[in-house]
Amino acid sequence: MLDIIQRLEAVDPRRGLFLYDDFVGPPEFLPYREFASRVAGAAEHFRARGITPGTRVVLPFETSAPVIFAFLGLMELGAVPLSVKPYILSTPKGPYRDFLARIRERYGASLVLDAPSLAGLDLPLERLPLPPAGAKRAGVKLREVAPGELAFVQFSSGSTSFPKGVPITQENLAANLRMITRHDGRTSEDRVTSWLPLYHDMGLIGGLLTCLAVGNDLLLSQPASFLMDPLGWLELISTEKVMGSVIPNFAIDYALKSLKSADADDLKRLDLSRVRSIYLGSEPINIPNLEQFLEILAPCGLRRDVFMPCYGMAETVLMVASVPPGQTVRVITAPNGQPAISVGQPLTEFEVRLRTEDGRVCGEGEMGEIELRGGSLAPSYFLDDRPLRGAEGFYATGDLGFQKGGELFITGRINDRIKVNGQSFFSADFEQAVERLAFIRPGRTAVIQVKGRLVVLAEVNHPSALERLTESRKQVCQSVLETVGVTLAQEDVLFIRYGQLQKTSSGKLQRRAITEAYEQGRIRTVTPMELRADLLQMRAQRLVLGSVMVARQRGRRWMASGKAALSAGLQRLRPGGQRQDGP
């Protein structure tokens with residue numbers, strides 16, 4: 001990675017990282033040419049504070065210039081950043097402190113980078129100050145690294161257990177970056193946008209580091225900016241002539257709600273014709289929602305072949321397989337009768353096979369657990385003597401899928417498998433069916449199996465769904481029956497208080513924890529009065545977090561409409577609408 005940063009000194013001075021607080025701007029511009037000197041400046045700051053090669057530093061990876069250069073500066077010293085989620089203001093402090101304490105105990109890290117989000121928190125680790133703003137050491141050559149040297153530690157999603165540390169070596173990092181950038185064919189002239197958090201592999205590797213590797217512009221926004229203004233993301237793509245992005249499926253589901261209620265004039269201003277490749281991964285893809293998204297934005301120039309469903313994991317640095325640019329998404333019927341979407345052919349560096357429950361290697365079109373060998377696969381978890389790979393060198397991923405015509409199809413996680421009358425389904429099959437209903441909050445449904453019963457735990461978006469409870473439950477059961485072909489008992493459809501569905505740092509449901517909470521009676525259903533209180537609290541939080549963003553957005557749109565009106569007025573004043581030079 002350091003040799004990549006050193007080479008950036010020779011790139012076009014206009015190329016770089018554009019950091020946005022929101023999608024409105026103006027951004028903070030960080031020229032790539034200055035990265036080497038700023039990394040060296042950060043390293044010198046840490047060296048003066050006693051950081052040495054091998055020192056483990058917990059790094060709450062906020063989206064900011066100081067934290068990005070702190071991460072790279074620690075790498076320059078040969079220290080080991082442990083990339084974790086930052087503290088988020090709306091979350092309880094106790095669980096976050098407990099999380100940091102477990103990281104300290106498990107991985108022997110006594111220092112934590114004093115990121116701004118940690119202000120005011122009592123921490124179980126010693127604070128390591130951030131480098132001073134703009135710290136630089138010009139003319140310093142960054143050190144050469146050994147291929148097997150540890151670059152940093154990233155963490156698995158933690159959907160079934162406490163997140164596991166994955167050691168990312170310099171060699172594996174460079175290899176996966178080459179795979180990704182070769183696959184999408186980007187050049188230094190392209191522009192990419194991302195709002196994904198940098199503590200997650202898709203955000204760090206797929207969003208930030210791939211752009212450094214090629215030297216193409218990255219328009220990087222705060223993760224909350226998308227939640228507050230999903231249409232602002234599309235407007236940024238339009239106005240800044242963006243070529244590509246990397247997003248989870250959640251982004252499609254979330255943006256679709258805003259698109260359906262968007263003002264027609266707002267959509268008319270979008271020009272998405274330059275978009276060439278959007279990596280789409282991290283979670284099961286909701287195929288009907290993807291189709292609606294493409295249909296709504298087709299008049300804005302968004303082509304049907306821009307989405308690249310992909311598959312990867314922290315254990316391989318990031319990407320394992322992806323649909324190539326310019327190929328329309330392929331959907332076929334899976335062995336269990338449900339629609340499945342292709343994630344393309346596995347990258348040539350990886351060997352992929354699938355095994356049935358009884359250990360037999362799967363044939364064409366047969367569902368089984370995905371196993372990987374080769375490529376940028378880590379040899380083990382961090383500070384864990386147990387091998388990641390089996391006797392034949394394959395890593396059992398815990399993901400289920402099948403292969404057809406050389407392409408890989410992901411159907412779900414082993415732990416998310418639900419068996420009904422001997423047939424295998426996945427929680428996501430049911431959850432997507434439930435979330436087709438307008439009164440269900442997107443991404444706020446969990447379907448679990450308890451003693452043979454299927455239980456739906458869902459958040460609703462309006463008290464009226466609770467006031468007509470029987471009808472709402474019937475609609476859920478009907479949607480599941482029509483979509484999946486499975487009958488639910490109405491009494492097993494529960495509408496619950498907000499905030500009870502536990503998720504990982506990357507937004508995946510922690511189904512085991514949710515199931516345990518349900519079995520222990522800790523999942524509370526919601527009354528209309530309680531839901532009104534939840535909605536008021538949520539709106540208040542959004543007002544606090546998003547008031548400035550919304551004001552800027554309205555101001556920008558007002559200015560845009562004002563300019564259009566002024567332009568039209570001037571055209572009417574000019575004979576024939578022709579350009580007139582001079583006053």
When you compare the side chain of Leu17 with that of Ile68, does any pair of heavy atoms fall below 4.5 Å?
yes

For the residue pair Phe226 and Phe23, is the inter-centroid distance of their aromatic rings smaller than 6.0 Å?
no

Taking the side chain from Asn249 and the backbone from Pro284, do they hold a donor-acceptor pair closer than 3.5 Å?
yes

Do the charged groups of Glu76 and Arg137 touch, with an N to O distance under 4.0 Å?
no

For a side-chain contact (heavy atoms from CB on, under 4.5 Å) check, start with the C-alpha distance between Ile285 and Phe307, then their side-chain angles and the critical distance, and finish with the verdict.
CA-CA 11 Å; Ile285 294 170; Phe307 282 107; over 6 Å; no

Polar side-chain atom of Tyr96 near backbone of Lys85 as donor-acceptor pair, under 3.5 Å:
yes

Work out which heavy atom in Asp184 is nearest to a heavy atom in Thr181; give both atom names and the distance.
OD1-O, 3.3 Å

Parallel, tilted or perpendicular, as decided by the 30° and 60° cut-offs, for the rings of Tyr254 and Phe250:
tilted

dist Asp399:CG -> Arg413:CZ (nearest 0.5 Å) comes out at 4.5 Å

Would you say the side chain of Val192 lies within less than 4.5 Å of the side chain of Arg186, judging by non-hydrogen atoms?
yes

State whether Arg511 and Asp416 are salt-bridged, where the test is any N-O pair (Lys NZ or Arg NE/NH1/NH2 against Asp/Glu carboxylate O) under 4.0 Å.
yes

When you compare the side chain of Lys93 with that of Tyr87, does any pair of heavy atoms fall below 4.5 Å?
yes

Is it true that Arg102 and Asp98 have a side-chain N and a carboxylate O under 4.0 angstrom from each other?
no

Evaluate side-chain contact (heavy atoms from CB on, under 4.5 Å) for Arg97 paired with Asp122, printing each intermediate quantity in order.
CA-CA 8 Å; Arg97 284 195 298 264; Asp122 293 326; 4.3 Å; yes

Output, in order, the C-alpha distance, side-chain angles, deciding distance and verdict of salt bridge (Lys or Arg N to Asp or Glu O under 4.0 Å) for Arg143 and Glu149.
CA-CA 12 Å; Arg143 68 184 181 90; Glu149 181 182 320; 2.4 Å; yes

Let me see the working for Met1 and Phe152 under side-chain contact (heavy atoms from CB on, under 4.5 Å), right down to the final yes or no.
CA-CA 11 Å; Met1 192 70 230; Phe152 60 93; over 6 Å; no

Does Glu126, at its CD atom, have more than 12 non-hydrogen atoms belonging to other residues, nucleotides or ligands within less than 6.0 Å?
no

Kindly say whether Leu377 contributes a backbone atom to a donor-acceptor pair with the side chain of Arg389 at under 3.5 angstrom?
yes

Please give me the minimum heavy-atom distance between Leu173 and Leu209, naming the atom from each residue.
CD1-CD1, 4.0 Å

Atom OG of Ser117 and atom CD1 of Ile88: how far apart are they, to the nearest 0.5 Å?
8.5 Å

Checking the side chain of Gln154 only, and the main-chain atoms of Val317 only, is there a donor and an acceptor separated by less than 3.5 Å?
yes

From CD (Gln6) to OG (Ser37), nearest 0.5 Å
10.0 Å

Taking atom types as modelled and ignoring hydrogens, do the side chains of Glu315 and Tyr381 form a donor-acceptor contact shorter than 3.5 angstrom?
yes

If only atom types and distance count, is the side chain of Ser238 paired as donor or acceptor with the main-chain N or O of Leu234 below 3.5 Å?
no

Would you check if Arg191 and Arg274 make a side-chain contact, meaning some heavy-atom pair closer than 4.5 Å?
no

Going by heavy atoms in the side chains, are Ile252 and Asn286 under 4.5 Å from each other?
no

Minimum heavy-atom distance between Leu388 and Ser380, given as atom pair plus value
CB-CA, 3.7 Å

Between Leu227 and Trp195, is any pair of side-chain heavy atoms under 4.5 Å apart?
no

For His45 and Pro129, the nearest pair of non-hydrogen atoms, with its separation, is NE2-O, 2.8 Å

Donor-acceptor pair, Ser322 side chain versus Pro324 backbone, under 3.5 Å?
no

Nearest heavy-atom approach of Phe350 to Gly375 is CE2-CA, 3.7 Å

What closest approach, in Å, do Leu196 and Pro248 show between heavy atoms, and which atom pair accounts for it?
CD2-CD, 3.5 Å

Look at the side chain of Arg127 and the backbone N and O of Leu118, then say whether any donor-acceptor pair between them is shorter than 3.5 Å.
yes

Look at the side chain of Glu349 and the backbone N and O of Met179, then say whether any donor-acceptor pair between them is shorter than 3.5 Å.
no

Do Arg56's NZ or CZ and the ring of Tyr107 fall within the cation-pi criteria of under 6.0 Å and 45°?
no

Return the CG to CD1 distance between Asp305 and Ile278, rounded to the nearest 0.5 Å.
11.0 Å

Which distance, rounded to the nearest 0.5 Å, do you find between the NZ of Lys241 and the CG of Asp217?
12.5 Å

Does Glu189 pair with Arg15 as a salt bridge, N-O distance under 4.0 Å?
yes

Do Val246 and Thr210 pass the side-chain contact (heavy atoms from CB on, under 4.5 Å) test, and can you show the C-alpha distance, the side-chain angles, and the key distance before you say yes or no?
CA-CA 11 Å; Val246 51; Thr210 54; over 6 Å; no

Using a 4.5 Å cut-off on heavy atoms from C-beta on, say whether the side chain of Pro197 contacts that of Phe61.
no

What distance do Leu19 atom CG and Gln222 atom CD have between them, rounded to the nearest 0.5 Å?
7.5 Å

Take atom CD of Glu144 as the centre, draw a 6.0 Å sphere, and report whether it contains more than 12 heavy atoms from other residues, nucleotides or ligands.
no

Determine yes or no for a side-chain-to-main-chain donor-acceptor pair under 3.5 angstrom, with His183 supplying the side chain and Val323 the backbone.
yes

Looking at side-chain heavy atoms only, is the closest gap between Leu113 and Leu130 below 4.5 Å?
yes

Just checking, is any N or O donor in the side chain of Asn289 or Asp253 under 3.5 Å from an acceptor N or O on the other one?
yes

Has Thr445 got a side-chain atom pairing as donor or acceptor with Glu431's backbone, closer than 3.5 angstrom?
no

